[in-house]
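First the structure, in the form of structure tokens, and then the observations on it.
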Amino acid sequence: MTTQPQDDTLYREGAPIQDTKAPDGPLEQKWSHRKDHARLVSPTNRRKLTVIIIGTGLAGGSAAASLGEAGYQVKSFCYQDTPRRAHSIAAQGGINASKNYRNDTDSDFRLFYDTIKGGDFRSRETNVYRLAQVSGSIIDQCVAQGVPFAREYGGLLDNRSFGGVQVSRTFYARGQTGQQLLLGAYQALERQVNAGTVTTYTRHEMLDLIVVDGQARGVIVRDMITGEIETHLADAVVLASGGYSNAFYLSTNAMGCNTTAIWRAHRRGAFFANPCYTQIHPTCIPVSGEYQSKLTLMSESLRNDGRIWVPLAAGDTREASQIPEEERDYYLERTYPAFGNLVPRDIASRAAKKICDEGRGVGPGGLGVYLDFADAIARLGQPLVAEKYGNLFDMYAQITGEDPYTAPMRIYPAVHYTMGGLWVDYDLSSSLPGLFVIGEANFSDHGANRLGASALMQGLADGYFVLPNTINDYLANGPYAPIAEDHPAVVEAADAVRDRITTLLEANGTRSPDSFHKELGHILWEHCGMERTDAGLRQAIDAIRKLRATYWTDVRVLGEADELNQNLEKAGRVADFLELGELMCIDALHRRESCGGHFRVESQTPEGEALRDDENFAYVAAWEWAGQDAAPTLHKEALAFENVELKQRSYT
Ligand SMILES: Cc1cc2nc3c(=O)[nH]c(=O)nc-3n(C[C@H](O)[C@H](O)[C@H](O)COP(=O)(O)OP(=O)(O)OC[C@H]3O[C@@H](n4cnc5c(N)ncnc54)[C@H](O)[C@@H]3O)c2cc1C
């Protein structure tokens, strides 16, 4: 690998890193080898060990339930009023598993291969193969919990397809898969609450990580009702705090999703991997105005039956029903005949953008393409279409006032998921001993682009099956020496949190946190969104730095510290988004190749497809915090491909 010229003012290059936990040997045997050889903690010792878990979504909820069941003392935190309101509840379309119920030759290897290829060869083979291996157990676990997956007439579990694959391996519960899975995890969690192994702290927001002698030993949280700053200490800390799509202001994520937990941990020493890898989902309801604060996803499952098209001619403003078949362009089916409407998200999103840039978009401002169910309704009948997608159609009708049964949906790409996150090794341990990261909060499995229905799979794999095995190896050294609440590291962390709150409240400027957030979102969407250029990213870094400086003097935070104060909560989160946004742009700038969701205009094929540069960029970019306003340090983890051939992706 050749070293790229680095821009010293923006970042420095540090020593390479590597994962040391994945055992040697054949890919298929690595996980059983690791499980068999990781150290154990005896049942009597487990109850002497405390684990803090931040997050109660599918990753955190399943991990808390599993570690509680194993006998550890678990403290589970979330900022919602109940664990079951975590953002995972919004997941719609489904969860993958290589069970081959459809007898369409699916296998662990195929799921592994599709995921590696879908991620544009920018993820670790070892982690992804393990994900495929445990995928079947997730379905068994959830069925045993009573999760009502869709079934065929004969009673067997049903499957459908998601983008980037040619088999049907997605298990689903109508358009509410996340909700049903989360209720399963929540019940398992509550069972442990009842058993006394898990204590839940709702409406508590983690605002800093406590690091003692280089080890993560606890968290500082704010009780969001009373404003009290609390210290919680433990033998290990697990972050399951979800993704950071809301850095863009407008995204499909729940309004509360933020980066604070992982960003604060990053500032305390945990490396942040591939922050620029964000997923823009092709099928969302288009933005309708300047005052919008949220975008709505239309699940990828709709692409099983919906056909995407635009008028052949630019500037055609006729109603969809007035455009005859021969004057329509089913551009995905035309360009990618092998996968058609089910190409991966990054490809479908870019294709939609390109079509709209050509002036062939539909709806207000020409920023939309049609997702049409007329053929499916003619083929299957409206009742069957309603049975499969009814809640999504209802949602679309309520938001747009249009009836998708009689006129095609209008959709456009929107920010949806973040593949980047805290760097973790095969054990899901961050670069900071004692700090584990699971679910969307880590970077582990999806490379530069995540395939549909694989986030739920990863979150539950991490929480039910991976972490409960690997964390033992770390905890086997415990219980660690008790830490007193007046330990200097604890006091320093708590004071830092209080000072920050005071600074925000006393800035007394003229602008709301929301207005800064919106401006940041515009910058990121414009320059670090679907297309990125060298000049644009430099402009963005400059603009974000100025915005960040203004923030601390001109933000106006209403209310007090010692009360329920959503303005203050938002202010802290926006401050972290401003720092993360800059790192996202630096990461995007340094990666002078196109891969997956990261499309560098300077690096494309003559056909306009993403052009990877494997010689120079086949690595994970893990960033180390170097201090406020100091250039971050880049550590490269080289990616080795021993079981798949590195080649240009093709979905034609
Ligand atoms: C609309 C939508 C539909 C989707 N559909 C699918 C799908 O069909 N299939 C699929 O595979 N994926 C889907 N995804 C992606 C998937 O839902 C998420 O990636 C996944 O649910 C994330 O789970 P998680 O457990 O990692 O985090 P989350 O579910 O986001 O949970 C985060 C938890 O962390 C807590 N938290 C965060 N910060 C703090 C803090 N500082 N202090 C205390 N607590 C904190 C929160 O309270 C919450 O409990 C969808 C995403 C969206 C937006």
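Values reported hereafter were calculated over all heavy atoms of this structure, with side chains retained and with hydrogens, waters and symmetry mates removed.
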Within a radius of less than 6.0 Å around CZ of Arg174, do more than 12 heavy atoms belonging to other residues, nucleotides or ligands occur? yes
Identify the heavy atoms of Arg334 and Arg360 that sit nearest to each other, and give their distance. NH2-NH2, 4.2 Å
Does Lys647 qualify as a cation-pi partner of Phe641, given the criterion of NZ or CZ under 6.0 Å from the six-membered ring centre and within 45 degrees of its axis? no
Once you round to the nearest 0.5 Å, how far does CD of Gln180 lie from CD1 of Ile89? 8.5 Å
Pair Glu602 + Arg592: basic N to acidic O under 4.0 Å: no
Side-chain contact, heavy-atom cut-off 4.5 Å: Val620 with Leu639? yes
Could you please spell out the steps behind the side-chain contact (heavy atoms from CB on, under 4.5 Å) verdict for Leu589 and Cys585? CA-CA 6 Å; Leu589 180 68; Cys585 293; over 6 Å; no
Is any side-chain heavy atom of Ile138 closer than 4.5 Å to a side-chain heavy atom of Phe465? yes
Is it true that a side-chain atom of Asp120 and a backbone atom of Gly596 form a donor plus acceptor pair closer than 3.5 Å? yes
Heavy atoms of Ala610 and Thr605 approach each other most closely as O-CG2, 4.2 Å
Is Ser299 reaching over with its side chain to a backbone N or O of Leu302, donor-acceptor style, under 3.5 angstrom? no
Residue list, salt bridge (Lys or Arg N to Asp or Glu O under 4.0 Å) with Asp316, at least two apart or on another chain: Arg318
Straight-line distance of Leu58 CG to Leu460 CG, nearest 0.5 Å: 4.5 Å
Within this structure, what is the OG-NZ distance for the pair Ser123 and Lys117, rounded to the nearest 0.5 Å? 13.5 Å
Measure the shortest side-chain to side-chain distance between Glu327 and Pro311 over non-hydrogen atoms and say whether it is less than 4.5 angstrom. no
Can Thr652 and Thr335 be said to form a side-chain contact (heavy atoms from CB on, under 4.5 Å), step by step? CA-CA 7 Å; Thr652 53; Thr335 323; 5.6 Å; no
Mark yes or no for whether Asp329, through its side chain, and Leu312, through its backbone, hold a donor-acceptor pair below 3.5 Å. no
Are the side chain of Arg328 and the backbone of Ala320 linked by a donor-acceptor contact shorter than 3.5 Å? yes
What's the verdict on side-chain hydrogen bond (donor to acceptor under 3.5 Å, both in side chains) for Thr170 and Asn159, showing C-alpha distance, side-chain angles and the deciding distance? CA-CA 5 Å; Thr170 304; Asn159 287 140; over 6 Å; no
Counting the benzene-type ring for Trp, do Tyr417 and His446 have ring centres under 6.0 Å apart? yes
Can we say Asp114 and Arg169 salt-bridge, meaning some charged N sits less than 4.0 Å from an Asp/Glu carboxylate O? yes
Could you tell me whether the side chain of Lys294 and the main chain of Asn253 form a donor-acceptor pair under 3.5 Å? yes
Has Gln176 got a side-chain atom pairing as donor or acceptor with Ala173's backbone, closer than 3.5 angstrom? no
Using a strict 4.0 Å threshold on nitrogen-to-oxygen distance, state whether Arg122 and Glu593 make a salt bridge. yes
If I compare all heavy atoms of Leu182 with all of Gly57, which pair ends up nearest, and what's the gap? CD1-C, 3.7 Å
Walk me through whether Arg85 and Tyr186 qualify under side-chain hydrogen bond (donor to acceptor under 3.5 Å, both in side chains). CA-CA 10 Å; Arg85 276 201 224 281; Tyr186 171 71; over 6 Å; no
Answer yes or no: is there a side-chain heavy-atom contact under 4.5 Å between Tyr172 and Arg160? yes
With a 4.5 Å limit on heavy-atom distance, are the side chains of Asn442 and Asp462 in contact? yes
Once you measure the plane-to-plane angle for Phe617 and Tyr619, does it fall in the parallel (<30°), tilted (30-60°) or perpendicular (>60°) bin? tilted
Between the CE atom in Met255 and the CZ atom in Arg573, the distance rounded to the nearest 0.5 Å is 10.5 Å
Do Tyr249 and Gln292 have side-chain N/O donor and acceptor atoms under 3.5 Å apart? no
Without swapping roles, check the side chain of Ser161 against the backbone of Val167 for a donor-acceptor pair under 3.5 Å. yes
Could Asp140 and Lys99 be called an ion pair, given the rule that one side-chain N must be under 4.0 Å from one carboxylate O? yes
For Glu333, is there an ion pair with Arg307 - N to carboxylate O distance below 4.0 angstrom? yes
As an exercise, state the distance from CZ of Arg130 to CG of Asp108, rounded to the nearest 0.5 Å. 13.5 Å
Please answer whether the main-chain N or O of Met457 pairs with a side-chain N or O of Ser454 as donor and acceptor at a distance below 3.5 Å. no
Near-ring test Tyr336/Phe339, centroid separation under 6.0 angstrom: no
Between Glu125 and Asn643: side-chain donor-acceptor atoms closer than 3.5 Å: yes
Main-chain N/O of Gly256 paired to Asn258 side chain as donor or acceptor, under 3.5 Å: yes
So which atom in Cys276 and which in Arg532 form the shortest heavy-atom distance, rounded to 0.1 Å? O-NH1, 2.9 Å
Decide, yes or no, whether a salt bridge links Glu152 with Arg102 under the criterion of side-chain N to carboxylate O below 4.0 Å. yes
Please confirm whether the ring centroid of Phe393 lies under 6.0 Å from the ring centroid of Phe373. yes
Find out whether Ser135 and Phe112 are in side-chain contact, i.e. whether some heavy atom of one side chain is under 4.5 Å from a heavy atom of the other. no
Where do Gln279 and Asp346 land on the side-chain hydrogen bond (donor to acceptor under 3.5 Å, both in side chains) test, with the steps shown first? CA-CA 7 Å; Gln279 175 160 86; Asp346 55 335; over 6 Å; no
The single option from Leu332, Val369, Ile355, Asp372 passing side-chain contact (heavy atoms from CB on, under 4.5 Å) against Trp309: Asp372
Salt bridge check, Asp375 against Arg379: does any charged N sit closer than 4.0 Å to a carboxylate O? no
Quiz question: by atom type and distance under 3.5 Å, do the side chains of Tyr277 and Arg591 form a donor-acceptor pair? yes
Does the plane of the ring in Tyr244 sit parallel, tilted or perpendicular to the ring in Phe272? Use 30° and 60° as the thresholds. perpendicular
One pair to check against side-chain hydrogen bond (donor to acceptor under 3.5 Å, both in side chains): Asn246 and Ser251. What are the steps and the verdict? CA-CA 6 Å; Asn246 280 350; Ser251 90; 2.6 Å; yes
Contact check, side chains of Phe443 and Val424, non-hydrogen atoms, under 4.5 Å: yes
Between Phe171 and Tyr101, ring centroids under 6.0 Å: yes
Here the gap from Asp613 atom CG to Ser594 atom OG, rounded to the nearest 0.5 Å, amounts to 10.0 Å
If you count the non-hydrogen atoms of other residues, nucleotides and ligands that lie under 6.0 Å from NZ in Lys518, is the total more than 12? yes
Set out, in order, the CA-CA distance, both residues' side-chain angles and the distance that settles side-chain contact (heavy atoms from CB on, under 4.5 Å) for Tyr396 and Met298, then state yes or no. CA-CA 8 Å; Tyr396 183 86; Met298 287 288 105; 3.9 Å; yes
If only atom types and distance count, is the side chain of Gln92 paired as donor or acceptor with the main-chain N or O of Gly178 below 3.5 Å? no
